[in-house]
Amino acid sequence: MEKLILYNTLTRKKELFIPIHKDHVGMYVCGPTVYGNAHLGHARPAITFDLLFRYLLHIGYKVRYVRNITDVGHLVNDADEGEDKVAKRAKVEELEPMEIVQIYTNSYRKNMGQLNVLPPSIEPTASGHIIEQIDAVKKMIDAGFAYETNGSVYFDVEAYARTYPYGILSGRKIEDLYTNTRDLDGQSEKKSGLDFALWKNALPEHIMRWPSPWGDGFPGWHTECTAMSTKYLGEKFDIHGGGLDLLFPHHEAEVAQGMACFGHATVNYWIHNNMITINGQKMGKSLGNFIQLDEFFTGSHQLLEKAYAPMTIRFFMLQAHYRSPLDFSNEALQAAEKGLERLLNAMKLLAGLKTSTNSSIDVEKLKSDCYEALNDDLNSPILIAHLFDGAKMINSINDGNATITAEDLSKLQNLYSGLVNDVLGIQQQQNSNENSNNELFGQVVGLLLTLRQEAKMKKDWATSDQIRDRLTSLGFEIKDTKEGADWKLKS
RNA sequence: GGUCGGUUGGCCGAGUGGCUAGGCAGCGGUCUGCAAAACCGUGAACGGCGGUUCGAAUCCGCCAUCGACCUCCA
């Protein structure tokens, strides 16, 4: 098995990955709160942990990948006093909260499918695990790290900090937190501003409510991840992932909850992806640059010059390291689009390369370089750079400037399908002229190109150029190859 | 204000002490009736100042600047 090194946020170091159970990996990643359409921000953790999931599978692990759907408990405002996001959206759209959940869960899954993100092994919902959450809250109360007030239960950070260090994941000191945590109105129920809600008492008008030992209410946001991760992966599991923005307070709360419930750490490796900016600016609802994934795919956002295929978005993200911030711009996306096309072109050529009795290229070296990059904290940009080096080799062989044996060719083909398709999750984009829906359409274009070919035979350049130029102005790209003319629609 | 992390060629983006990723754009070439596309080749960078070192984009200090989290956000 490959020696995979991962950066662990908990230790701030790159560490050799050793699973708790040989050949098996348990991985939990914070999924979306389903109260709106998926946007670019959702794509980064999804693709990052999809890459990790795919690579673990590729190198032979059995992986149980759990990614939750938050459908209750994530509040709109600070101080645990705001409305539930889902409930608020339901009011706006005049729908039952569970209809909101269903609509946006479906839309999230659709978008993830388009990005070729593999579905996780288990996709549990918070509302489906109320019993487990109540159970976890009870454990925390029994351990003396939580208290009940007016039907709500809060985590007692101060009590916890007397037994365990609080802030170890995010690197915060509890004294600093006290000085920097704002005192807000409506926090009278809490002993301290640092305390966070485990269970919230539901007011009479609340639709989303469940019975509990403390009266009708709903769970706090942080509790679901502790309850569901340990239910499906055990009290101690290998990997917990999520966006860097969740580091504090969400993941810090999970660390504390796990400790409070079980008396030991629940997670071995904490992995965080970095954030995305758009034209150098943070994505924010108020800035109007919260671009939804559907808008990328159709080009229907004023910041976008054109539509971008899901594979372009995926490739673009993989061209940056997951722990680096990544800036989106039309220019950068179009560069990625062309680069991807170059890589995929080489892969097409790879299928039909002619073989020789000796190889002038070193496939083993290329292979070990590729795996070295992946093993070094999933360095996908380095991997892609090596794949481009390989593309150059493939083109040289195709041009007759380099040679490859049948054995090496087969190795190279396996390497590319394994790394590009299986690990990076990059698929060949569907060509407009291969689309069966456009069969008749394709025949008509083919007919025009045949007429042009006939004109060319007669050296009737005026006619042949007219056909080509008219087609070009209609958005076609005409390629004259040795085998005749080929065409595609310009993206 | 506190904590943490960036600042790399025209653009995006790797790289952690000497061996100067990669992509896009640019430039030159091959192919072509001419183009387009494709392919091949190629110049170009390490925020500023100071220090450590035989040698620094890479280590240290200071400054500037941008961002993240601390408050809903993936």
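Sequence lines set the chain letters: A, B, ... in the order given, protein chains first and strands last, and positions in each chain run from 1.
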Side-chain-base donor-acceptor pair under 3.5 Å for A:Arg468 and B:C34: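 Per atom types, the contact qualifies.
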Presence of donor-acceptor pair under 3.5 Å, side chain of A:Asp327 and base of B:G6: no
Does a side-chain N or O from [X] land closer than 4.0 Å to OP1 or OP2 of [N], or not?
| X | N | result |
| --- | --- | --- |
| A:Arg172 | B:C4 | no |
| A:Asn395 | B:C40 | yes |
| A:His39 | B:A74 | yes |
| A:Ser324 | B:A14 | yes |
| A:Asn274 | B:G5 | no |
| A:Lys456 | B:C34 | no |
| A:Lys338 | B:A25 | yes |

Identify the two heavy atoms, one from [X] and one from [Y], that lie closest to each other, and give their separation to 0.1 Å.
| X | Y | value |
| --- | --- | --- |
| A:Ile168 | A:Glu252 | N-OE2, 3.2 Å |
| A:Cys225 | A:Cys30 | SG-SG, 3.9 Å |
| A:Ala38 | A:His42 | CA-ND1, 3.5 Å |
| A:Leu350 | A:Gln413 | O-NE2, 2.9 Å |

Separation of atom [atom1] in [X] from atom [atom2] in [N], rounded to whole Å:
| X | N | atom1 | atom2 | value |
| --- | --- | --- | --- | --- |
| A:Ile467 | B:A35 | CD1 | C1' | 15 Å |
| A:Tyr322 | B:A68 | OH | P | 21 Å |
| A:Ile384 | B:G15 | CD1 | P | 13 Å |
| A:Gln466 | B:C34 | CD | C1' | 16 Å |
| A:Leu378 | B:A14 | CG | C1' | 15 Å |
| A:Glu331 | B:G10 | CD | C1' | 8 Å |
| A:Leu340 | B:C12 | CG | C1' | 15 Å |
| A:Arg12 | B:A68 | CZ | P | 18 Å |

Whichever of A:His42 and A:Ala391 has its nearest RNA chain B nucleotide further upstream toward 5':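 Taking each residue's closest nucleotide, the earlier one in sequence belongs to A:Ala391.
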Along RNA chain B (nearest heavy atom to each residue), the more 5'-positioned of A:Gln334 and A:Trp221: A:Gln334
When the [atom1] atoms of [N] and [M] are considered, how many whole Å apart are they?
| N | M | atom1 | value |
| --- | --- | --- | --- |
| B:G48 | B:A57 | C1' | 14 Å |
| B:G13 | B:G17 | C1' | 22 Å |
| B:A35 | B:G22 | C1' | 30 Å |
| B:G43 | B:C24 | C1' | 16 Å |
| B:G61 | B:C69 | C1' | 26 Å |
| B:G41 | B:C4 | P | 46 Å |
| B:U7 | B:U16 | P | 12 Å |
| B:G10 | B:C27 | P | 16 Å |

[X] side chain: which of [options] is closest?
| X | options | result |
| --- | --- | --- |
| A:Ala385 | B:A21, B:C11, B:C40 | B:A21 |
| A:Arg342 | B:A38, B:G33, B:C24 | B:C24 |
| A:His321 | B:A14, B:G41, B:G33 | B:A14 |
| A:Ala335 | B:G23, B:A21, B:C69 | B:G23 |
| A:Asn379 | B:G22, B:A38, B:A14 | B:A14 |
| A:Asp399 | B:G15, B:C39, B:G23 | B:C39 |
| A:Asp465 | B:A74, B:G33, B:C12 | B:G33 |
| A:Phe248 | B:C69, B:A74, B:G13 | B:C69 |

Categorize [X] for me: base, sugar-phosphate, or nothing, with a 4.0 angstrom heavy-atom threshold over every strand shown.
| X | value |
| --- | --- |
| A:Lys459 | nothing |
| A:Leu343 | nothing |
| A:Gly41 | base |
| A:Ile276 | base |
| A:Leu247 | nothing |
| A:Asp469 | nothing |

Given A:Leu344, A:Ile384, A:Ile47, the one that forms side-chain contact (heavy atoms from CB on, under 4.5 Å) with A:Phe315: A:Ile384
A:Glu93 bridged to A:Arg89 by N-O distance under 4.0 Å: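 The answer is yes: the pair qualifies as a salt bridge.
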Pair A:Arg452 + A:Asp465, salt bridge at N-O below 4.0 Å: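 A:Asp465 and A:Arg452: not salt-bridged.
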Donor on one side chain, acceptor on other, A:Thr472 and A:Asp469, under 3.5 Å: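 There is no such pair between these side chains.
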Side-chain H-bond candidate by donor/acceptor type, A:Asn68 with A:Glu123, under 3.5 Å: no
Neighbour count above 12 (heavy atom, 6.0 Å) for A:Glu372 CD: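 Open: at most 12 neighbouring heavy atoms sit under 6.0 Å from CD of A:Glu372.
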ring centroid sep under 5.5 Å plus plane angle under 30, A:Phe388 with B:G23: no
Base-paired stems in RNA chain B, each at least three Watson-Crick or G-U pairs under 3.5 Å: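 If one scans RNA chain B for consecutive Watson-Crick or G-U pairs, the stems found are B:1-7 with B:64-70, B:10-12 with B:22-24, B:26-30 with B:38-42, B:47-51 with B:59-63.
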Result of checking A:Tyr28, A:Trp270, A:Trp221 against A:His251 for ring pair (Phe, Tyr, Trp, His ring centres under 6.0 Å): A:Trp270
